[in-house]
Amino acid sequence: MQERARATRRSLLEAAAHLFAQQGYAGTSVNDISARSGRTSGSVYFHYASKEGIALAVVRDGFATWPGLATRYGDLSVPPLERLVLLSHEIAHALSEDPLTRAGARLWAERDAIGVRLPDPFALWTTAATRLLCQARSRGQLAAHVRPAPTARSLVRSFFGVCALTEALEGPHALSGRLSDWWHLTLPSLQRDPRPVRVPARAPGGTGTAGCGPPASGPALTARTGPGQADRPAYGT
């Protein structure tokens with residue numbers, strides 16, 4: 001019975017996530033969730049009590065995977081700023097393709113219309129970005145004027161703004177390219193020695209499970225070291 005209950009809850013959660021991502025909170029009813037999941041509306045209320053309850057569960061379930069994602073980018077053999085850029089592409093990939101992540105982001109944006117307090121995802125990413133910037137500073141790779149904590153806060157807010165506006169104006173398929181444009185502008189201001197950093201459109205393997213170093217080939221961000229100087233590989237690559 002416990003296994004059956006878990007399967008029912010999961011099917012309801014996935015159905016709700018797809019609908020919330022596509023239609024938003026106000027545009028999704030309990031009957032819609034029931035119809036998509038193949039369960040009765042009574043089953044929805046039994047497991048989640050209300051539409052607000054299932055919205056909260058969707059957000060929590062989507063955000064629950066994010067600490068693990070941040071942890072995967074702890075490989076000290078990869079330069080910290082490179083890990084920061086790769087992590088941002090991984091998050092953008094989830095925001096464009098993972099239903100639970102997409103639903104969680106949309107529900108958080110619509111939080112004023114939902115009668116429960118939703119968790120704040122930005123503290124985690126600000127902490128992760130601060131840690132990577134501190135590591136870059138300890139290696140002498142961060143520009144002298146850059147203060148890790150306030151810079152991380154600005155980067156996280158700017159990043160999510162780029163993602164939200166790109167999706168609204170161009171659709172999720174454009175996120176990777178626009179994020180690369182943003183890093184072209186942003187990265188040189190962070191670097192002590194603004195050398196180019198190879199930045200794949202997505203982390204190796206698509207989901208980041210294969211590590212976080214740059215692939216052997218693929219698109220890269222480049223920045224010149226000075227007037228008349230040719231582009232050169234980042235970090236000795």
Side-chain angles (χ1 to χ4, degrees), residues 9-10 12-28 48 50-74 80-81 83-135 148-169 171-176 178-179 182-183 186 202-203 206-209 212:
R9 288 179 64 86
R10 191 66 194 176
L12 292 171
L13 196 71
E14 291 175 352
H18 279 279
L19 291 167
F20 287 142
Q22 293 171 1
Q23 302 171 185
Y25 181 77
T28 300
Y48 292 103
S50 64
K51 190 172 80 164
E52 292 88 352
I54 197 168
L56 178 59
V58 166
V59 173
R60 284 176 171 168
D61 197 77
F63 291 172
T65 64
W66 287 16
L69 175 59
T71 301
R72 286 207 296 271
Y73 286 81
L81 293 180
R83 279 182 277 144
L84 179 62
V85 175
L86 287 163
L87 177 58
S88 75
H89 277 281
E90 181 99 18
I91 301 166
H93 175 66
L95 287 169
S96 66
E97 297 193 23
D98 178 66
L100 273 171
T101 303
R102 287 176 56 75
R106 180 160 183 175
L107 289 169
W108 197 88
E110 298 175 355
R111 62 194 178 281
D112 289 343
I114 304 172
V116 292
R117 184 177 179 85
L118 300 181
D120 175 2
F122 305 110
L124 166 69
W125 295 123
T126 301
T127 298
T130 300
R131 181 169 61 250
L132 289 168
L133 290 172
C134 285
Q135 290 174 11
T151 300
R153 184 168 58 246
S154 296
L155 285 174
V156 168
R157 294 178 183 185
S158 178
F159 164 79
F160 280 100
V162 167
C163 290
L165 285 176
T166 297
E167 174 156 0
L169 296 173
H173 64 280
L175 276 180
S176 180
R178 295 297 171 257
L179 188 55
W182 181 69
W183 278 118
T186 304
R202 278 163 53 185
T207 61
T209 56
C212 60

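Keep in mind that what you see is a predicted model, and the values were worked out from it rather than measured. We number each residue from 1, following the sequence as shown.
What you find for Leu107 and Leu118 is that their closest heavy atoms are O-CD1, 3.5 Å. What you find for Cys163 and Leu95 is that their closest heavy atoms are SG-CD1, 4.0 Å. The shortest non-hydrogen separation linking Val58 to Ala103 is CG1-CB, 3.7 Å. Closest non-hydrogen pair, His89 versus Ser176, comes out as CE1-O, 3.7 Å. Closest of all the heavy-atom pairs between Val156 and Ala129 is CG2-CB, 4.3 Å. Scanning both residues, Glu110 and Ala26, for their nearest heavy atoms gives OE1-N, 4.5 Å.
One distance of note links CG of Leu84 with CH2 of Trp125; it measures 10.5 Å at 0.5 Å rounding. To the nearest 0.5 Å, atoms CG (Leu81) and CG (Leu133) are separated by 6.5 Å. If you take CD1 on Ile54 and OH on Tyr25, they are separated by 10.5 Å, rounding to the nearest 0.5 Å. With rounding to the nearest 0.5 Å, the separation of CZ in Arg111 from CG in Asp120 is 8.5 Å. Note that OG1 of Thr28 and NZ of Lys51 are 6.5 Å apart. Values are rounded to the nearest 0.5 Å. Atom OG1 in Thr130 sits 8.5 Å away from atom CZ in Arg153 (nearest 0.5 Å).
Residues Leu69 and Leu87 have side chains in contact (heavy-atom distance under 4.5 Å, counting atoms from C-beta outward). Annotation: side chain of Ile91 is not in contact with side chain of Thr101 (no heavy-atom distance under 4.5 Å).
Between Trp66 and Phe63, the ring centre distance stays below 6.0 Å. Aromatic rings from Trp108 and Phe160 are positioned such that their centres are separated by 6.0 Å or more.
A donor-acceptor pair is defined here as one N or O able to donate and one able to accept, closer than 3.5 Å; such a pair exists between the side chain of Tyr48 and the backbone of Arg9. Judged by distance alone, with hydrogens and angles left aside, the side-chain atoms of Ser96 form a donor-acceptor pair with the main-chain N or O of His93 at under 3.5 Å. In this structure, Ser158 contributes its side chain and Ser154 its backbone to no donor-acceptor pair below 3.5 Å. Between the side chain of Arg83 and the backbone N or O of Tyr73, at least one donor-acceptor pair lies under 3.5 Å.
Using a 3.5 Å distance cut-off with no hydrogens or angles, the side chains of Trp183 and Ser88 do pair a donor with an acceptor. For the residue pair Arg106 / Gln22, no side-chain donor-acceptor distance below 3.5 Å is found, with atom types taken as modelled.
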For Leu155 and Trp182, what are the C-alpha separation, side-chain angles and deciding distance, and is it a side-chain contact (heavy atoms from CB on, under 4.5 Å)? CA-CA 10 Å; Leu155 285 174; Trp182 181 69; 3.9 Å; yes
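Between Arg102 and Glu167 there is a salt bridge, since at least one side-chain N of the basic residue sits less than 4.0 Å from a carboxylate O of the acidic one.
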